[in-house]
Amino acid sequence: MSDFQKTVQEITVCVRIRTPLIILMTNERDRAESALKAVSANENVPMEYYTALGGFKKIVGGAGKKVADPFLYIAEEIEKDSGTVYALGDMRGLTSDNELVGKAIGVVRLASEKGATVILVTSETVYEELGKLATFVKLDLPTKRERENMIRDFMAENQIRTLAPEKIIQTAVVLGGYTALQLKTVMNYALNTGDGFTFENLCQVAMDKDKIFGKNPAVKHINVRDVHVAGLDGVKEWLIKKQKIFYSPDEELGTKFLNPPRGMLMVGVPGCGKSLTARLVACEWHLPLYRFDIGAVFSGSAGESEANLRRALDYIGSVSPCIVWIDEIEKELAAGHDNEAAKRILGAFLFWLQENAHRMFLIATANDLTKLPPELFRKGRFDEVFFVDLPTESERKEAINLFSKLSLTMRLTEEEVDALAKISDGFSYADIEWAIKTVAEEEYTLGMCGSYTRLDSVFQRTVGALSRNREYIETIRKWGKDSAAPASGRK
């Protein structure tokens, strides 16, 4: 049974036992109306549905009836004992003690006396005194199974055969977080743009979720193009396994008592691909990438920082499934934070890491592990902690081949690559990229072809990461050997 069907069943039971007030929590007006129509049909009970624009009309259709005061109209109709259920759609202004809430409370008490039922459809928190009189029913966004059915229905209606069954399942994961109406819009947009109704194009359209969900100052959408990452084979192999689990149906994971992957923490040497990995995952998994700046939630006013964090985390939930990247997390969650607000934010963030139920994959990077709160390493917060070291000789060869292929017109021989790999011992990936792109810029600006001699010269005068930070790198290597998985895949 789908969540939609469960919602219909819950409302049906409440109507059957004459519950005076049902509050249907949803921001999907169209689905709410569909649910109410199903309830009316199930119980064969007349239902009038009110909207500010259309007035009152029968839920199954008919002309609208304008009224000056919907609650006064309901009260008058209940007195007539008509047996009709009255539903008010898209209600606003019920969050505080005001005249509208006072009228609603009066009508509900009358409904209780007369054995009538009133339904309020809203997405807002309801004032406490009104909420005490209600039975709450929640209509969630379409589930993954419902999204699969919507995709299949859309394909049948438009005679599309571009998605294989396994791709429909993956697409349903990617299109999480949308209302039913938004899903139809996304599918129609994909059908009529780019490469049409393909998995890749649907993913591309879904990348721009912030156009639908708005923006949050602490959560920035990052545009991702083709990403090339040398080395880090251990991380890449691990991500392939996690991708399969991430896209697996909840029902299949449930049979094994498994959960979708939460994310990973990457600690290690700067310039060795930690931040670039976030872009790689977003590109390979066809998901939008958001950079979460925890520092942006801090505010001078008491309580506002915690509220900012809640809004940021709620926003991440609304745009999931997605990849979330926190860069240099130690600067935001440093153990040196000693004020109470920072401690509460740390606690709330760690609780979210542990309990978050959205399909969201978090990639956090850190350079200085001494500033990381020990609570961050507790099992369950991250699926894995990786240590990112300077590249080995074989990894330096891979990086030299990659960056020279991308940026240079010349092609290096195997002997030349071997020689440059030896010269670059102690370099980070960023050092190698800088050296090669320095020669590539000369090619571009001077109109000359690069040469191995020029590359050798630039490599020889480059001061590598190990020479710049030997004491620091040796310290974190000791930690990484005992406390984290090697990003290279080599012990």
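Only a predicted model underlies this, so the values are computations on that prediction, with no experimental measurement involved. Position 1 is the first residue of the sequence; numbering continues from there. Values below: all heavy atoms of this structure, side chains included; hydrogens, waters and symmetry mates excluded.
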Mark yes when over 12 heavy atoms from residues, nucleotides or ligands other than [X] sit less than 6.0 Å from its [atom1]; otherwise mark no.
X: E128; atom1: CD; result: no
X: F351; atom1: CZ; result: no
X: K66; atom1: NZ; result: yes
X: F154; atom1: CZ; result: yes
X: R92; atom1: CZ; result: yes
X: L53; atom1: CG; result: no
X: E99; atom1: CD; result: no
X: K236; atom1: NZ; result: yes

For [X] and [Y], indicate whether the former's side chain and the latter's backbone hold a donor-acceptor pair under 3.5 Å.
X: E124; Y: G93; result: yes
X: T19; Y: I22; result: no
X: T84; Y: M47; result: no
X: N158; Y: I160; result: no
X: E433; Y: A430; result: no
X: T193; Y: Y189; result: yes
X: S320; Y: G317; result: yes
X: S318; Y: Y315; result: yes
X: K274; Y: V269; result: yes
X: T12; Y: V8; result: yes

Parallel, tilted or perpendicular: which one describes the rings of F361 and W285, with boundaries at 30° and 60°?
tilted
Kindly say whether the aromatic ring centers of Y50 and Y73 come within a distance under 6.0 Å.
no
Tell me whether the centres of the aromatic rings in Y290 and W325 are closer together than 6.0 Å.
no
Taking 4.0 angstrom as the limit, do [X] and [Y] come out as a salt bridge?
X: E237; Y: K242; value: no
X: K37; Y: E33; value: no
X: K57; Y: E48; value: no
X: E148; Y: K144; value: yes
X: R359; Y: D250; value: yes
X: R145; Y: E251; value: yes
X: K103; Y: D69; value: yes

Pair R262-L362, side chain to side chain contact (heavy atoms under 4.5 Å, CB included): steps then yes or no
CA-CA 6 Å; R262 297 179 182 277; L362 174 66; over 6 Å; no
May I ask you to test the [X]-[Y] pair for a side-chain heavy-atom distance under 4.5 Å?
X: I363; Y: V324; value: no
X: R16; Y: E43; value: yes
X: P70; Y: F56; value: yes
X: T122; Y: M25; value: yes
X: I168; Y: M155; value: yes
X: N98; Y: Y127; value: no
X: V385; Y: M264; value: no

Please confirm whether K167 makes a cation-pi placement over F199, using NZ or CZ under 6.0 Å from the six-membered ring centre and within 45° of the ring normal.
yes
I need the R31 CZ to L24 CG distance, nearest 0.5 Å.
10.5 Å
Nearest heavy-atom neighbours spanning [X] and [Y]:
X: G115; Y: R18; answer: O-CD, 3.1 Å
X: F292; Y: A312; answer: CE1-CB, 3.8 Å
X: I329; Y: F349; answer: CD1-CE2, 4.2 Å

Side chain to side chain contact (heavy atoms under 4.5 Å, CB included) between K138 and T26, worked out:
CA-CA 6 Å; K138 187 177 181 183; T26 181; over 6 Å; no
Under the side chain to side chain contact (heavy atoms under 4.5 Å, CB included) criterion, do Y86 and I119 qualify, and how do the steps go?
CA-CA 6 Å; Y86 298 93; I119 301 173; over 6 Å; no
Run the side chain to side chain contact (heavy atoms under 4.5 Å, CB included) check on V267 and V388 step by step: do they pass?
CA-CA 6 Å; V267 182; V388 185; over 6 Å; no
Could you check K331 against N367 for side-chain hydrogen bond (donor to acceptor under 3.5 Å, both in side chains), going step by step and ending with a plain yes or no?
CA-CA 9 Å; K331 292 184 178 179; N367 295 326; over 6 Å; no
